[in-house]
Amino acid sequence: MRVLQDLAALVGAAHVLGAESQTDSYCVDERALYHGRALAVVRPGTRQELVRVMSLCHAAKLAMVPHGGNTGYCGGATPDSSGSQLVISLERLDRIIAIDTVAATLTVEAGVTLADAQAAATAAGLLLPLSMGSQGSCQIGGNLSTNAGGLAVLRYGTARDLTLGLEVVLPDGRLLSQLQGLRKDNTGYDLKQLFIGAEGTLGIISAATLKLFPRPRAMQTVFAAVRDVGAATTLLSHVRAQLGDNVTSCEYLSANAMAQVAALLTDVQRPFTVEYAHYVLLEWAEFGDRHGPSAAHDIEQLFSPPIADGLVLDAVIAHSEKQRLALWRLRENVPAAEKALGGSIKHDISVPLGEVAEYVGRTSTQLLARWPTLRLSVYGHIGDGNVHFNVLAPIELDAAAFKRTHGADISALVHEIAQTMGGSFSAEHGVGLLKRDLLAQYAGGPRLEAMRAIKDALDPGGLMNPGKLL
Ligand SMILES: Cc1cc2nc3c(=O)[nH]c(=O)nc-3n(C[C@H](O)[C@H](O)[C@H](O)COP(=O)(O)OP(=O)(O)OC[C@H]3O[C@@H](n4cnc5c(N)ncnc54)[C@H](O)[C@@H]3O)c2cc1C
């Protein structure tokens, strides 16, 4: 095919992969829900090459599938099964472009992994607060394209909130570059917002300028057993009333989520000798010397009212970075634990914070009334109102067969309850292929029409990531 020859001449033959053995890993998603086939995988080595790759594809009317770290949960980076779509991998765009310690900004190419971007900020004495379990593999371009959330949204916001500037290659190869990183710029539409969360359907993000923050002097981490889900959110309100927005994370684990992860991580000691039904990991940042050397004493004082009120049943404080990381491993490894058990029917809902307890209670009751031996693995960023309400097959049944037979009904129930409570079916994982029908079902006419109008205006040929999102 002529265009493949042109692409090889442009980026080098070694970076246009055609053999199935080479393209396979680009054609299956993180959860192995989707298996596609690519015409080829192209790996541009510079942003200029990316521009020219996309111009060539546009001229040849080739569909393009942007591919980041491939850790997304919704099949957004996977080509369809036609064998006619070109996967464009950003993996070689992995340069740190600039770090400005005065403006506190970091400018990186889209293929820089989140972990490498964090490390660059740390080396400059600053903090990039975006963080998540997949950070060793996911890329900044993927993070922005999915508007990723993660573990510190409570204080620092989502990927969208952390973005000051963006460079995007439009579907026809034109470059839209706004990497200045201005904190104030009221010159018409804020176009970068269109591409954040667009899941590669409007263009390819080639670089971004991100906000950095002062590094905290220390992090304080408490792992608490709480009476119920409502106690978790009440505890958060209490701690925030005392510490303001220094609270960075409030993560929840149900008893099942904890048991699964403890079985997987045999090298990590469980925080308590007895089992509880509900756990919370709370973390806050310390700046300056406000807490001084008596932090443990201060923390005990902070927790004494919720203990006296019966909200907190037990708690441990991390006394070292090693202990802190061990507590975080419990939370971060829940997805891996579910995978080890044959996978789960995953959900990523959000509801208003005050409704989380009601949501978890109502959904659990309705699911268990219909499928009494289901295993519920409920966990997530509860401080953001975001719960991963995951469901594992009854232990005696085959996970894949159960999912085939009952998955759709279970998900419909989980999503419908969130919807009726004013929530969202996709808090942070996006839509991709997996939730496209839900967007059509729940977005409502005018919203969907506006999204389609934007898509048609920027990508009239429908070449960007066809079939995803819309
Ligand atoms: C263990 C684990 C933990 C996770 N924890 C979290 C979490 O806490 N919070 C959270 O939000 N997510 C989480 N995720 C999901 C996932 O890591 C994020 O969605 C991440 O942002 C995806 O980045 P990626 O580079 O892997 O993107 P990919 O999976 O490669 O792509 C995702 C989408 O973005 C598009 N895309 C990728 N790069 C570009 C680009 N440069 N320009 C345009 N479009 C592009 C793709 O076409 C696709 O539609 C987790 C995943 C795993 C496996």
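As the structure lists them, so they are numbered: ligands from 1, and atoms in each ligand from 1. Since we're looking at a predicted model, the values are computed, not measured.
The closest approach between any non-hydrogen atom of Gln135 and ligand 1 is not below 4.0 Å. Contact annotation: Gly432 has no heavy atom less than 4.0 Å from any atom of ligand 1. Assignment of Glu30 to the shell around ligand 1 is supported, since a heavy atom sits closer than 4.0 Å. Not a single heavy atom of Ala198 sits closer than 4.0 Å to an atom of ligand 1.
At a heavy-atom distance under 4.0 Å, no atom of Glu332 approaches ligand 1. Contacts of Leu90 with ligand 1, taken as heavy-atom pairs under 4.0 Å, involve the side chain alone. Neither the backbone nor the side chain of Phe195 comes within 4.0 Å of ligand 1, counting heavy atoms alone. Only side-chain heavy atoms of Thr146 come within less than 4.0 Å of ligand 1; its backbone N, CA, C and O stay farther off.
Atom 2 (C) of ligand 1 has Tyr73 OH, 3.3 Å as its closest protein atom, hydrogens excluded (heavy atom only). Of all protein heavy atoms, the one closest to atom 42 (N) of ligand 1 is Ile205 N, 2.9 Å. The closest protein non-hydrogen atom to atom 12 (N) of ligand 1 is His429 CD2, 3.6 Å. The protein heavy atom nearest to atom 24 (P) of ligand 1 is Gly69 N, 3.5 Å. Protein heavy atom nearest atom 28 (P) of ligand 1, with residue, atom name and distance: Asn70 N, 3.5 Å. With respect to atom 40 (C) of ligand 1, the closest heavy atom belonging to the protein is Ser145 OG, 3.7 Å. The nearest protein atom to atom 27 (O) of ligand 1, hydrogens excluded, is given as Gly142 CA, 3.5 Å; this is a heavy-atom distance. The protein heavy atom nearest to atom 5 (N) of ligand 1 is Met132 CB, 3.8 Å.
Considering backbone and side-chain atoms together, Glu428 places an N or O closer than 3.5 Å to an N or O of ligand 1. Residue Gly76 has at least one nitrogen or oxygen atom sitting less than 3.5 Å from a nitrogen or oxygen atom of ligand 1, judged on distance alone. Among the atoms of Gly72, some N or O lies under 3.5 angstrom from an N or O of ligand 1. Inclusion of Ile204 in the set of residues having an N or O under 3.5 Å from an N or O of ligand 1 is not warranted. Geometrically, ligand 1 and Pro66 share a nitrogen or oxygen pair separated by less than 3.5 Å. Residue Asn465 places at least one N or O, backbone or side chain, under 3.5 Å from an N or O of ligand 1.
Side chain of Arg215 to backbone of Leu126: a donor-acceptor contact under 3.5 angstrom is found. Panel note: side chain His381, backbone Asn386; no donor-acceptor pair is recorded below 3.5 Å. Between the Asp459 side chain and the Pro171 main chain, no donor and acceptor come within less than 3.5 Å of each other. A donor-acceptor pair under 3.5 Å links the side-chain atoms of Arg43 to the main chain of Ala14, judged by distance alone. For the pair His278 (side chain) and Val226 (backbone), a donor-acceptor distance under 3.5 Å is absent. In terms of modelled atom types and a separation under 3.5 Å, the side chain of Gln135 and the main chain of Met132 share a donor-acceptor contact.
Of all the atoms in ligand 1, the ones that sit under 4.0 Å from a non-hydrogen atom of His381 are 8 (O). Of all atoms in ligand 1, numbered sequentially from 1 with element shown, those under 4.0 Å from a heavy atom of Gly150 are 7 (C), 8 (O), 9 (N). Taking every heavy atom of Ala148 and a limit of under 4.0 angstrom, the matching atoms of ligand 1 come to 11 (O), 21 (O). Under a 4.0 Å criterion applied to the non-hydrogen atoms of Gly149, ligand 1 contributes the atoms 10 (C), 11 (O). Per-residue contacts place Gly203 under 4.0 angstrom from the following atoms of ligand 1 (heavy atoms of the residue considered): 43 (C). Ligand-side atoms of ligand 1 in range of Gly200: 43 (C), 44 (N), range being under 4.0 angstrom from any heavy atom.
When every heavy atom of Val378 is checked against every heavy atom of Ala257, the shortest pair comes out as O-CB, 3.9 Å. When all heavy atoms of Glu49 and Gly45 are compared, the closest pair comes out as OE1-N, 2.7 Å. Closest non-hydrogen pair, Leu392 versus Ser377, comes out as CD1-CB, 3.7 Å.
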From CA spacing to verdict: side-chain hydrogen bond (donor to acceptor under 3.5 Å, both in side chains), Ser206, Glu167
CA-CA 6 Å; Ser206 50; Glu167 183 183 86; 2.7 Å; yes

May I have the step-by-step check of salt bridge (charged side-chain N to carboxylate O under 4.0 Å, His left out) for Glu199 and Lys468, ending in yes or no?
CA-CA 8 Å; Glu199 302 184 37; Lys468 313 292 168 41; over 6 Å; no

Would you please test Thr158 and Asn147 for side-chain hydrogen bond (donor to acceptor under 3.5 Å, both in side chains) and show each step?
CA-CA 6 Å; Thr158 62; Asn147 184 27; 3.0 Å; yes

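Comparing Leu151, Thr71, Asn143 against atom 26 (O) of ligand 1, the shortest heavy-atom distance belongs to Thr71.
Figure legend: cation-pi geometry between Lys435 and Phe425 absent, as NZ or CZ is not positioned both under 6.0 Å from the six-membered ring centre and within 45° of its axis.
Atom CZ of Arg92 is surrounded by more than 12 heavy atoms from other residues, nucleotides or ligands within 6.0 Å. Heavy atoms from other residues, nucleotides or ligands lying under 6.0 Å from CZ of Arg174 number 12 at most. Surrounding CD of Glu20 are at most 12 heavy atoms belonging to other residues, nucleotides or ligands under 6.0 Å away.
When only modelled atom types and interatomic distance are considered, Glu428 and His388 share a side-chain donor-acceptor pair under 3.5 Å.
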